[in-house]
Number of protein chains: 2
Amino acid sequence: MARTQALLIQIATGDPRPISKQIVDGVRMKIATGELAVGAQLPSVRGLAQQLTINPNTVAKAYAELTGEGWLEARQGLGLYVATPRQRLSNAERDRRLDDAVQSFVHEVAALDYPPDRALTRLERALRVLAPKKTA
Amino acid sequence: MARTQALLIQIATGDPRPISKQIVDGVRMKIATGELAVGAQLPSVRGLAQQLTINPNTVAKAYAELTGEGWLEARQGLGLYVATPRQRLSNAERDRRLDDAVQSFVHEVAALDYPPDRALTRLERALRVLAPKKTA
DNA sequence: CCTTGTGTACTATGAGTATTAGTACAGTAC
DNA sequence: GTACTGTACTAATACTCATAGTACACAAGG
């Protein structure tokens with residue numbers, strides 16, 4: 001009966017990412033993997049802030065970003081819900097941003113002098129969590 | 001006879017990365033791909049700064065990082081040279097940092113709602129530039 | 001109507017980082 | 001000496017991130 005489905009994100013103080021980005025990434029991953037179903041309600045801004053002992057503004061900022069990207073939908077006075085999927089970006093923009101991510105990853109592999117084939121294998125394994133859409 | 005081999009890096013003002021990191025990434029990639037051979041001399045701190053119209057301190061910071069990571073070697077009063085390869089990090093640390101990079105990439109693929117198999121293909125292609133060590 | 005809980009929108013402040021600017025010093029080569 | 005190298009400081013500016021506090025509009029339940 002828990003409206004907001006028990007709990008959600010974990011924030012790591014050692015994580016170099018900003019807190020708001022950790023929330024954005026965390027929620028987005030839970031949606032992408034199906035852990036958060038379409039229509040599910042999210043913890044309230046103030047509730048999640050209290051739970052993580054961070055500032056409500058930080059949560060609001062993360063939620064605003066997710067809403068802007070189309071992952072969440074706000075119902076005024078009620079709360080935030082996982083939105084129905086839709087095309088969010090142009091194909092050109094998606095390709096450009098993926099290319100940035102690819103470059104960034106290659107840079108890191110080069111920096112670590114890591115064997116490229118092993119890096120690819122590990123990445124392939126990690127990407128599998130994004131697949132289960134087709135199992136439904 | 002150009003001691004510092006014509007030229008090097010390009011800085012993009014639109015790039016979200018700090019300038020110093022752009023230099024670090026750029027030089028490291030040129031070493032990893034073999035474009036900069038072991039023993040090659042790099043542009044001087046002041047020279048590269050003038051060429052890129054940035055502050056010498058920024059170049060020095062980037063060079064210091066590359067030296068600390070073992071990519072470059074400084075000879076006082078002479079200049080900076082590409083160092084002979086050596087093991088720089090512990091395997092545990094390398095694995096940990098690669099895992100961070102993998103996670104970051106997966107997050108971005110999820111954020112873009114990009115087909116994972118296509119993302120993997122593009123990455124595989126981009127990683128090939130790191131291979132040519134074995135062709136020598 | 002009133003109270004509570006929701007998202008949202010501001011301003012202000014402190015901490016940290018990136019960059020620029022300027023100066024200075026030690027080593028090398030001619 | 002002069003002119004290059006790398007390196008090491010301090011100071012000031014600009015920007016981001018997070019916190020703090022306040023306020024407003026909407027929804028639900030008395």
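The analysis underlying the following values was restricted to heavy atoms, covering all of them including side chains, and did not include hydrogens, waters or symmetry mates. Protein chains get the first letters and strands the later ones, always in sequence-line order, with residue 1 at the start of each.
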J.: Is any side-chain N or O of Thr58(B) closer than 4.0 Å to OP1 or OP2 of dT19(C)?
T.: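 No.
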J.: So if I take every side-chain heavy atom of Asn57(B) and compare against dA21(C), dT6(C), dG6(D), which nucleotide ends up nearest?
T.: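 It is dA21(C).
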J.: So does Gln103(A) have more than 12 non-hydrogen atoms from other groups sitting under 6.0 Å from CD?
T.: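 More than 12 within 6.0 Å, yes.
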J.: Within less than 4.0 Å of OP1 or OP2 of dA18(D), is there a side-chain N or O belonging to Ser20(A)?
T.: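 True: Ser20(A) side-chain N/O within range (under 4.0 Å) of dA18(D) OP1/OP2.
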J.: Whether the side chain of Arg46(B) and the base of dG6(D) hold a donor-acceptor pair under 3.5 Å is what I'd like checked.
T.: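 Yes, a donor-acceptor pair under 3.5 Å.
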J.: Identify, between Leu78(B) and Leu78(A), the residue whose nearest nucleotide on DNA chain D lies closer to the 5' end.
T.: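 Final value for this comparison: Leu78(B).
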J.: Take atom CD1 of Ile11(B) and atom P of dA18(C), then tell me their distance rounded to the nearest Å.
T.: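 So the two atoms are 15 Å apart, to the nearest Å.
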J.: Rounded to whole Å, please give me the gap between CD in Gln50(A) and C1' in dT19(D).
T.: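 Value for this atom pair: 16 Å.
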J.: May I ask you to test the Asp95(B)-Tyr114(A) pair for a side-chain heavy-atom distance under 4.5 Å?
T.: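 A side-chain contact exists here, since the closest heavy-atom pair is under 4.5 Å.
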J.: Tell me the interatomic distance from Leu48(A), atom CG, to dT19(D), atom P, rounded to whole angstroms.
T.: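 That distance rounds to 12 Å.
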J.: In whole angstroms, how far is the P atom of dT6(C) from the OH atom of Tyr81(A)?
T.: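 Rounded to the whole Å, the gap is 10 Å.
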J.: Could you state the atom-to-atom distance from NZ of Lys61(B) to C1' of dC9(D) in whole Å?
T.: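 Rounding to the nearest Å, NZ of Lys61(B) and C1' of dC9(D) are 15 Å apart.
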J.: Would you kindly give the CG-to-P distance between Leu80(A) and dT6(C), to the nearest whole Å?
T.: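 Going from Leu80(A) (CG) to dT6(C) (P), I get 11 Å.
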J.: Closest to the Ile19(A) side chain: dT7(D), dT19(D), dT20(C)?
T.: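 So the nucleotide nearest the side chain must be dT19(D).
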J.: Between dG22(C) and Asn55(B), counting only base atoms on the nucleotide and side-chain atoms on the residue, is there a donor-acceptor pair under 3.5 Å?
T.: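 Checked by distance alone, the answer is no.
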J.: For the pair made of CZ in Arg75(B) and P in dA29(C), what is the distance, rounded to whole Å?
T.: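 Taking CZ of Arg75(B) and P of dA29(C), I get 11 Å after rounding.
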J.: Could you tell me how far apart Arg17(B) (CZ) and dC15(D) (C1') are, to the nearest whole angstrom?
T.: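 Between C1' of dC15(D) and CZ of Arg17(B): 19 Å.
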J.: Please tell me which of the listed nucleotides, dT6(C), dA18(C), dT7(D), lies nearest to the side chain of Gln76(A)?
T.: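 Between dT6(C), dA18(C), dT7(D), the one nearest the side chain of Gln76(A) would be dT6(C).
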J.: Under the 6.0 Å and 45° cation-pi test, does Arg88(B) pair with Trp71(B)?
T.: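 That pair qualifies as a cation-pi contact.
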J.: Would you say CD of Gln10(A) has more than 12 non-hydrogen atoms from neighbouring residues, nucleotides or ligands within 6.0 angstrom?
T.: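 No, the 6.0 Å shell around CD holds no more than 12 heavy atoms from other groups.
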J.: Among dA18(C), dA26(C), dT20(C), which nucleotide sits nearest the side chain of Pro18(B)?
T.: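 The answer is dA18(C).
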J.: Strictly below 4.0 Å, N to O, side chains only: are Lys61(B) and Glu65(B) in salt-bridge contact?
T.: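 Between Glu65(B) and Lys61(B) there is no salt bridge, as every charged N stays at least 4.0 Å from the carboxylate O atoms.
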